[in-house]
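Below is one structure; the comments refer to it alone.
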Amino acid sequence: MTPERTVIRDALTDVPAGTVVTVAGWVRTVRTSKGGFSFVQVNDGSCLANLQVVADKELPNYDSEVVHLTAGTSVTATGKLVESPAKGQSVELHAEDLAVVGPADGEAYPIQPKRHSFEFLRSQAHLRPRTNTFGAVARVRSEVSGMIHEFFRSRGFVQVHTPIITASDCEGAGALFRLAADNREEGEDAEREFFGRPTYLTVSGQLEAETYACALGKVYTFGPTFRAENSNTPRHLAEFWMVEPEMAFCDLAGDADLAEDFLKFIFAGVLERCREDMEFFNTRIDKTLIETLTHVAETPFFRVGYTEAVEILSAADRKWEYPPRWGADLQTEHERYLTEEKFSGPVVVTDYPAEIKPFYMRINDDKRTVAAMDVLVPRIGEIIGGSQREERPEVLTERMSQAGLNPDEYWWYLDLRRYGTVPHAGFGLGLERCLQFITGLGNIRDVIPFPRTPRSAEF
RNA sequence: UCCCCGAUAGCUCAAUUGGUAGAGCGAGCGGCUGUUAACCGCUAGGUUGCUGGUUCGAGUCCAGCUCGGGGAGCCA
């Protein structure tokens with residue numbers, strides 16, 4: 001493409017007025033005064049704002065093309081950047097050349113210059129990044145992904161690429177997608193297993209991450225994760241991205257400290273680096289967004305034991321659809337009460353009953369609870385789930401058997417405890433839930449480019 | 001998977017007690033010498049999600065199905 005192309009973000013901020021530049025992008029709206037000239041709003045995705053291109057009738061293609069420009073058309077424009085005489089933008093581009101690269105039939109183009117419902121835009125997942133909201137989501141998502149690596153690397157964590165295809169059913173993490181090779185030879189056994197054993201798409205990189213933590217000390221994984229649950233909610237996806245740090249020589253308190261520092265780093269960073277996009281979300285999606293994120297980034301998280309949480313809930317002056325009961329998992333209504341009413345902010349709930357948590361969580365001295373933690377945030381609920389891992393081989397074997405798992409199949413996982421075992425802990429953060437909290441978007445399908453949910457994988 | 005709600009023009013929605021569908025935006029054309037989701041006028045555009053039923057007559061009532069949304073469960 002044109003090597004001297006200027007991105008619109010730079011044109012609006014960095015380039016001195018008077019400079020001649022070439023920009024390239026997609027038309028958002030056109031306002032034409034037939035007697036004189038047209039105002040063409042061009043967006044190239046480099047930032048939320050459009051560049052206003054002013055085209056007058058002296059342009060050779062004015063009557064033939066410019067006045068017929070429609071939303072969605074790709075264009076290049078060359079001209080001088082000048083201070084805008086009108087309100088709405090600091091600079092505008094006075095076009096000396098405005099060329100159509102690819103036309104878009106205005107009658108058929110689905111993204112009209114008007115407000116669309118998110119439901120409709122989900123059916124246009126290939127074009128929705130051309131809207132303000134989804135362009136902003138994409139930029140914020142990218143920035144958050146970058147900051148995740150930044151946070152862990154700056155603290156000495158090593159990134160480990162754990163496998164997507166796995167034979168281990170990380171018990172407690174939900175239903176699995178079973179893999180089947182699709183290239184069988186004629187007459188070959190339909191039940192043939194490519195890997196010689198049943199394999200699945202991973203539900204968590206945790207078990208594999210533990211092996212590297214027990215060698216390199218501090219590690220993290222960041223990649224796609226799959227759950228075959230028939231979940232139909234605004235908080236669940238069949239394919240989502242998860243961040244999973246794992247630390248050797250670390251207990252539950254250290255794990256919770258890391259989770260808190262991590263979230264604060266991300267929230268503060270996104271406010272600083274994605275100012276324009278965040279202000280857009282604050283204006284259009286949730287008017288309390290920036291205030292909430294700022295508050296969360298600056299205030300210590302509340303920490304409360306599960307047992308105490310149940311007592312708080314039982315003492316609360318309200319009717320519960322599911323009355324809190326020691327031994328039962330916290331209901332959505334309970335989590336919302338804790339984060340939205342009792343503490344008005346993130347809450348870390350620790351030490352859950354052993355029966356409701358997976359085999360790998362460390363049994364506490366009271367024998368009835370495990371060193372687990374959930375970080376709950378307003379509106380979303382659980383954003384992080386983690387634990388200190390059971391490092392005592394005999395206790396772990398016992399827990400596996402109780403859970404109905406065959407310890408022999410986890411021989412390599414048990415080896416970590418047989419040879420130089422150490423206390424270790426980690427957690428999992430759902431990237432999309434984090435992005436929901438950051439952007440204020442109510443449906444998780446709107447913070448991932450191509451959402452996979454039951455009955456939906458078109459794009 | 002369970003419980004509610006919904007599906008009408010390209011999009012967002014209207015349509016009294018069942019009486020053969022309207023508006024805004026968008027699009028096309030015209031008007032307006034700087035507009036900001038511009039504005040004004042005209043035009044085109046619909047087998048009311050699908051299948052069946054009740055009725056003289058169904059967008060409207062009933063049943064099933066499909067898809068979507070919200071709540072719950074599962075979890076991140």
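What you see is a predicted model; the values in this text were computed from it and never measured. Convention: sequence-line order gives letters A, B, ...; per-chain numbering from 1.
Note on residues 424-447 of chain A: pairs passing ring pair (Phe, Tyr, Trp, His ring centres under 6.0 Å), not counting sequence neighbours, are Phe267(A)-Phe437(A). Counting only residues at least two apart or in different chains, side chain to side chain donor-acceptor pair (under 3.5 Å) contacts with residues 375-390 of chain A comprise Glu246(A)-Arg389(A), Ser387(A)-Arg389(A), Glu390(A)-Arg392(A). Counting only residues at least two apart or in different chains, side chain to side chain donor-acceptor pair (under 3.5 Å) contacts with residues 114-124 of chain A comprise Arg122(A)-Asp446(A). Applying the side chain to side chain donor-acceptor pair (under 3.5 Å) test to residues at least two apart or on different chains, none of the pairs has a partner in residues 449-459 of chain A.
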(message) Pairs counted only when both distances fall under 3.5 Å, Watson-Crick or G-U: show me the 5' to 3' dot-bracket for RNA chain B, [ ] for pseudoknotted crossings and | for other-strand partners.
(response) (((((((..((((.....[..)))).(((((.......))))).....(((((..]....))))))))))))....
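The pair Lys357(A)-Asp351(A) does not count as a salt bridge, with every side-chain nitrogen at least 4.0 angstrom from each carboxylate oxygen.
Look at the C1' atom in both C75(B) and A9(B): the space between them is 42 Å, to the nearest Å. The C1' atoms of A58(B) and G24(B) are separated by 27 Å, rounded to the nearest whole Å. Comparing the same atom, P, in G69(B) and in G64(B) gives a spacing of 22 Å after rounding to whole Å. Rounded to the nearest Å, the gap between the P atom of U60(B) and that of G19(B) is 11 Å. Nucleotides G41(B) and C50(B) place their P atoms 35 Å apart, quoted to the nearest Å. One P atom belongs to G49(B), the other to C13(B), and the distance between them is 15 Å to the nearest Å. For the C1' atom pair drawn from A44(B) and A38(B), the interatomic distance equals 23 Å after rounding to whole Å. One C1' atom belongs to G45(B), the other to G10(B), and the distance between them is 9 Å to the nearest Å.
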Output a table of nitrogen or oxygen pairs between the protein and nucleotides 3-8 of chain B separated by less than 3.5 Å.
none

Set out, line by line, the N/O atom pairs under 3.5 Å between protein and nucleotides 65-68 of chain B.
none

(request) List the steps and the verdict of salt bridge (Lys or Arg N to Asp or Glu O under 4.0 Å) for Glu391(A) and Arg362(A). (result) CA-CA 7 Å; Glu391(A) 86 282 12; Arg362(A) 190 179 193 279; 2.8 Å; yes
(message) salt bridge (Lys or Arg N to Asp or Glu O under 4.0 Å) for Asp44(A) and Arg9(A)? Distances and angles first, verdict last.
(response) CA-CA 9 Å; Asp44(A) 69 358; Arg9(A) 184 188 60 239; over 6 Å; no
(message) Could you go through Glu260(A) and Lys264(A), starting from their C-alpha distance and side-chain angles, then the distance that decides it, and tell me whether this counts as salt bridge (Lys or Arg N to Asp or Glu O under 4.0 Å)?
(response) CA-CA 6 Å; Glu260(A) 179 170 346; Lys264(A) 286 178 169 173; 2.7 Å; yes
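Straight-line distance from the CD atom of Glu58(A) to the P atom of G34(B): 16 Å, rounded to whole Å. For the pair Arg433(A) CZ and C74(B) P, the interatomic distance rounds to 12 Å; values are reported in whole Å. Atom pair His334(A):NE2 and G71(B):P shows a separation of 17 Å (rounding to whole Å applied). As rounded to whole Å, 15 Å separates atom C1' of A72(B) from atom CH2 of Trp320(A). Rounded to whole angstrom, the span from the CZ atom of Arg336(A) across to the P atom of C75(B) amounts to 19 Å.
Remark: Glu341(A) engages Arg318(A) in a salt bridge (charged side-chain N to carboxylate O under 4.0 Å, His left out) (not counting sequence neighbours). Listed by chain and number, the residues in a side-chain contact (heavy atoms from CB on, under 4.5 Å) with Ser142(A) amount to none (sequence neighbours excluded). Judged as a side chain to side chain donor-acceptor pair (under 3.5 Å), and not counting sequence neighbours, Asp63(A) has no contacts.
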(request) Go along nucleotides 36-49 of chain B 5' to 3' and tag each nucleotide: B for a protein heavy atom under 4.0 Å from its base, S when only backbone or sugar atoms are that close, - otherwise. (result) B-B-----------
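Among the atoms of the strands shown, only primed sugar atoms or phosphate atoms (P, OP1, OP2) are found under 4.0 Å from some heavy atom of Phe120(A). Ile111(A) comes within 4.0 angstrom of no nucleic acid atom, judged by non-hydrogen atoms across all strands. Tyr322(A) comes within 4.0 angstrom of the backbone, heavy atoms only, and of no base.
Here Gln331(A) does not reach the OP1 or OP2 of A72(B): none of its side-chain N or O atoms lies under 4.0 Å away.
Comparing A27(B), U1(B), C74(B) against the side chain of Asn232(A) picks out U1(B) as the nearest. Of the listed nucleotides (C29(B), A27(B), G73(B)), A27(B) has the atom at the smallest distance from the side chain of Thr70(A). With distances taken from any side-chain atom of His116(A) to the nucleotides U33(B), C11(B), G70(B), the minimum falls on C11(B). Closest to the side chain of Leu237(A), out of G73(B), A76(B), C25(B), is A76(B). The side chain of Pro234(A) lies closest to G70(B), out of G70(B), A76(B), A72(B). Ranking G73(B), U12(B), G70(B) by closeness to the Asn443(A) side chain, first place goes to G70(B).
Residue order along RNA chain B, read from the 5' end via each residue's closest nucleotide, puts Asn230(A) first among Asp105(A) and Asn230(A). Nearer to the 5' terminus of RNA chain B, by closest-nucleotide assignment, is the contact made by Glu333(A) (compared with the other of Glu333(A) and Glu382(A)).
Taking the side chain as every heavy atom from C-beta outward, Phe343(A) and Ile312(A) approach each other to under 4.5 Å.
Checked by distance alone, Glu92(A) brings a side-chain donor or acceptor within 3.5 Å of a matching partner on the base of G34(B). A donor and an acceptor atom sit less than 3.5 Å apart, one in the side chain of Ser231(A) and one in the base of C74(B).
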Which pairs of donor and acceptor atoms, one on a side chain in residues 231-239 of chain A, lie under 3.5 Å apart (sequence neighbours left out)?
unit_1: Asn232(A); atom_1: ND2; unit_2: Asn230(A); atom_2: OD1; d: 3.2
unit_1: Thr233(A); atom_1: OG1; unit_2: Arg235(A); atom_2: N; d: 2.9
unit_1: Thr233(A); atom_1: OG1; unit_2: His236(A); atom_2: N; d: 3.3

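Ring-plane geometry between Tyr306(A) and Tyr352(A) is classed as tilted, the angle between the planes lying from 30 to 60 degrees on a 0 to 90 degree scale.
There is a side-chain donor-acceptor pair under 3.5 Å between Trp326(A) and Thr307(A). In summary, the side chains of His334(A) and Tyr322(A) do not present any donor paired with an acceptor at a separation below 3.5 Å, with no hydrogens or angles considered.
Both geometric conditions, a ring-centre gap below 5.5 Å and a plane tilt below 30°, are not fulfilled together for Phe39(A) over the base of G34(B).
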